[in-house]
There are 2 protein chains.
Amino acid sequence: MSGREFNSWQTVQTEVLRRINAREWKPGDFIPNEAELAVEFGCARATVNRALRSLAESGLLDRRRKAGTRVAVNPVRKATLSIPVIRHEIEGKGQSYRHTVLTQERAVPPAEIRARMRTEPGVQLMHLVTLHMADGKPYVFGNRWINPKAVPGVETADLSSQSANEWLVANVPFEGGDFSFSAMTAGTQEAEILACRQGDALVVIDRSTWNTTHVITSVRLTFAPGYRMHTEI
Amino acid sequence: MSGREFNSWQTVQTEVLRRINAREWKPGDFIPNEAELAVEFGCARATVNRALRSLAESGLLDRRRKAGTRVAVNPVRKATLSIPVIRHEIEGKGQSYRHTVLTQERAVPPAEIRARMRTEPGVQLMHLVTLHMADGKPYVFGNRWINPKAVPGVETADLSSQSANEWLVANVPFEGGDFSFSAMTAGTQEAEILACRQGDALVVIDRSTWNTTHVITSVRLTFAPGYRMHTEI
DNA sequence: CAGTGGTCTAGACCACAAG
DNA sequence: TTGTGGTCTAGACCACTGG
């Protein structure tokens with residue numbers, strides 16, 4: 001006796017998941033509404049809401065007011081990809097980190113960058129080429145443009161002791177960004193900088209970040225051969 | 001005259017974000033506890049909790065019982081990467097989709113696959129090589145292993161009309177998976193199948209999915225040159 | 001031990017959208 | 001119009017963990 005009834009939102013969530021997996025509720029089916037489930041599970045409606053909302057956020061349920069809740073027909077899986085600061089990524093593997101600024105200048109960017117950064121023709125940006133090393137070996141090569149209008153103070157910042165990435169993360173809040181992932185073949189420049197062979201396949205990440213008024217920075221990271229980005233679903 | 005005070009959890013969240021961005025609360029700082037914020041914002045503690053929990057989930061706050069809530073020192077940005085069914089990805093660009101099964105057999109997998117799928121030596125798995133085409137041109141090449149023990153019925157399924165990926169998504173619920181992203185150089189086999197040149201850099205995705213008892217499937221997707229995966233932060 | 005976040009409840013009102 | 005999810009509240013107890 002005793003054995004207090006235990007219906008946390010996680011209990012509810014687990015049971016709902018079980019029913020979906022057991023196909024008691026099939027993709028496309030409507031499930032009972034919150035009030036009914038609350039009665040069935042002997043808990044408050046808010047508790048059911050918490051459980052179902054969480055499942056909806058991960059894409060397993062579709063919820064709409066008035067219509068109700070149904071099992072997602074096409075469970076689009078979402079992986080959350082964490083984007084660490086490169087130094088942390090390297091140190092996290094137990095390797096030593098070092099970085100070098102290869103060039104730092106003010107320059108008018110090429111058209112492609114100008115489009116991505118939404119600046120006017122002829123406007124100069126800060127251009128920074130850096131190399132990050134793990135245990136002394138080239139790890140990733142960064143080609144970065146920064147809009148000084150969006151980042152007051154960047155011109156006087158010391159970007160040799162702290163990488164531009166870290167300086168920006170620590171000093172410039174941003175609202176959003178985009179991120180893309182592709183592959184390229186190492187040419188002479190990449191082979192030289194990354195100490196690899198021409199023709200090696202390299203992972204390339206292009207990333208921009210912006211705040212409400214400006215595109216802050218746009219960077220292309222070119223990784224040494226063998227790089228692999230990993231995540232769990 | 002009314003003008004009822006309006007303090008939704010999103011209002012609270014927005015204000016907290018503003019303070020973080022304005023550096024009123026700096027990285028590493030403790031912020032007031034839930035009860036205090038509830039008083040300040042004139043709302044219930046649960047409302048503050050909802051706002052802060054959401055920010056913690058996205059990595060901007062660190063919360064610990066007894067210790068309190070602090071602004072994350074190292075805001076690890078997380079991108080959510082949605083993993084669509086290839087057919088949807090292609091059709092979403094307005095291209096036509098077609099796929100072909102190149103080979104389908106039962107076979108003992110190589111050691112690497114056996115390790116990933118956690119099967120015993122000598123156990124046969126289903127092995128499936130498929131090519132997906134966009135507007136008639138090779139788009140991605142899939143090398144997939146499926147554990148029939150985890151998927152009763154897969155041996156009799158018709159995987160030529162519906163791709164293995166879609167069949168699995170529709171018929172086999174899974175609990176988790178992993179996902180990795182790398183680059184490789186096209187060899188003779190890849191060049192032939194994807195109709196590209198040897199030496200081209202190709203994007204490679206390795207993915208496994210499992211349920212509580214088995215690894216269900218493990219697949220390597222090798223994309224034709226030019227593939228780019230994109231996401232927003 | 002005691003302070004903080006984590007969760008649950010019962011009830012209420014609201015916002016949205018299907019019919 | 002009306003049913004369903006979305007949210008808010010005031011209060012309560014719990015769970016974890018720092019001091």
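A, B, ... follow the sequence lines: proteins, then strands. Residue 1 opens every chain. Just so you know, these numbers come straight off a predicted model, no measurement behind them.
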Counterpart residues, ring pair (Phe, Tyr, Trp, His ring centres under 6.0 Å), relative to A:H214 (two or more places apart):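 In terms of ring pair (Phe, Tyr, Trp, His ring centres under 6.0 Å), with neighbours along the sequence ignored, A:H214 is linked to no residue.
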Partner residues of A:F223 under the ring pair (Phe, Tyr, Trp, His ring centres under 6.0 Å) criterion, sequence neighbours left out: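 Partners of A:F223 by the ring pair (Phe, Tyr, Trp, His ring centres under 6.0 Å) criterion, ordered by chain and then number, come out as A:Y227.
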With [X] via side-chain hydrogen bond (donor to acceptor under 3.5 Å, both in side chains) - residues at least two apart:
X	answer
A:S208	A:R116, A:S218
A:S161	A:D158
A:R23	none
A:T80	none

Listed once per pair and sorted, the side-chain hydrogen bond (donor to acceptor under 3.5 Å, both in side chains) pairs that draw on residues 24-33 of chain B, sequence neighbours left out: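 Checked against side-chain hydrogen bond (donor to acceptor under 3.5 Å, both in side chains) - neighbours excluded - the pairs reaching residues 24-33 of chain B are B:R18-B:E24.
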Protein-nucleic acid N or O pairs under 3.5 Å, nucleotides 16-19 of chain C:
| unit_1 | atom_1 | unit_2 | atom_2 | d |
| --- | --- | --- | --- | --- |
| C:dA18 | OP1 | A:R64 | NH2 | 2.8 |

Minimum side-chain heavy-atom gap B:T231-A:F181 below 4.5 Å: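 No - every pair of side-chain heavy atoms lies 4.5 Å or more apart.
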Positions of residues 27-38 of chain B (non-hydrogen atom under 4.0 Å from DNA chain D), listed by number: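 By residue number: none to list.
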What pairs of donor and acceptor atoms, side-chain ones from residues 38-48 of chain B against any protein atom, are under 3.5 angstrom apart with sequence neighbours left out?
| unit_1 | atom_1 | unit_2 | atom_2 | d |
| --- | --- | --- | --- | --- |
| B:E40 | OE2 | B:R19 | NH1 | 3.3 |
| B:E40 | OE2 | B:R19 | NH2 | 2.5 |
| B:R45 | NH1 | B:E34 | OE1 | 2.6 |

Residues which pass side-chain contact (heavy atoms from CB on, under 4.5 Å) with A:T209, listed by chain and number, not counting sequence neighbours: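 With neighbours one apart ignored, the set is A:F174, A:I216, A:T217.
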Contact residues, residues 45-59 of chain A to DNA chain C [heavy atom, < 4.0 Å]: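 Of all residues in residues 45-59 of chain A, the ones placing a heavy atom under 4.0 Å from DNA chain C are A:R45, A:A46, A:T47, A:R50.
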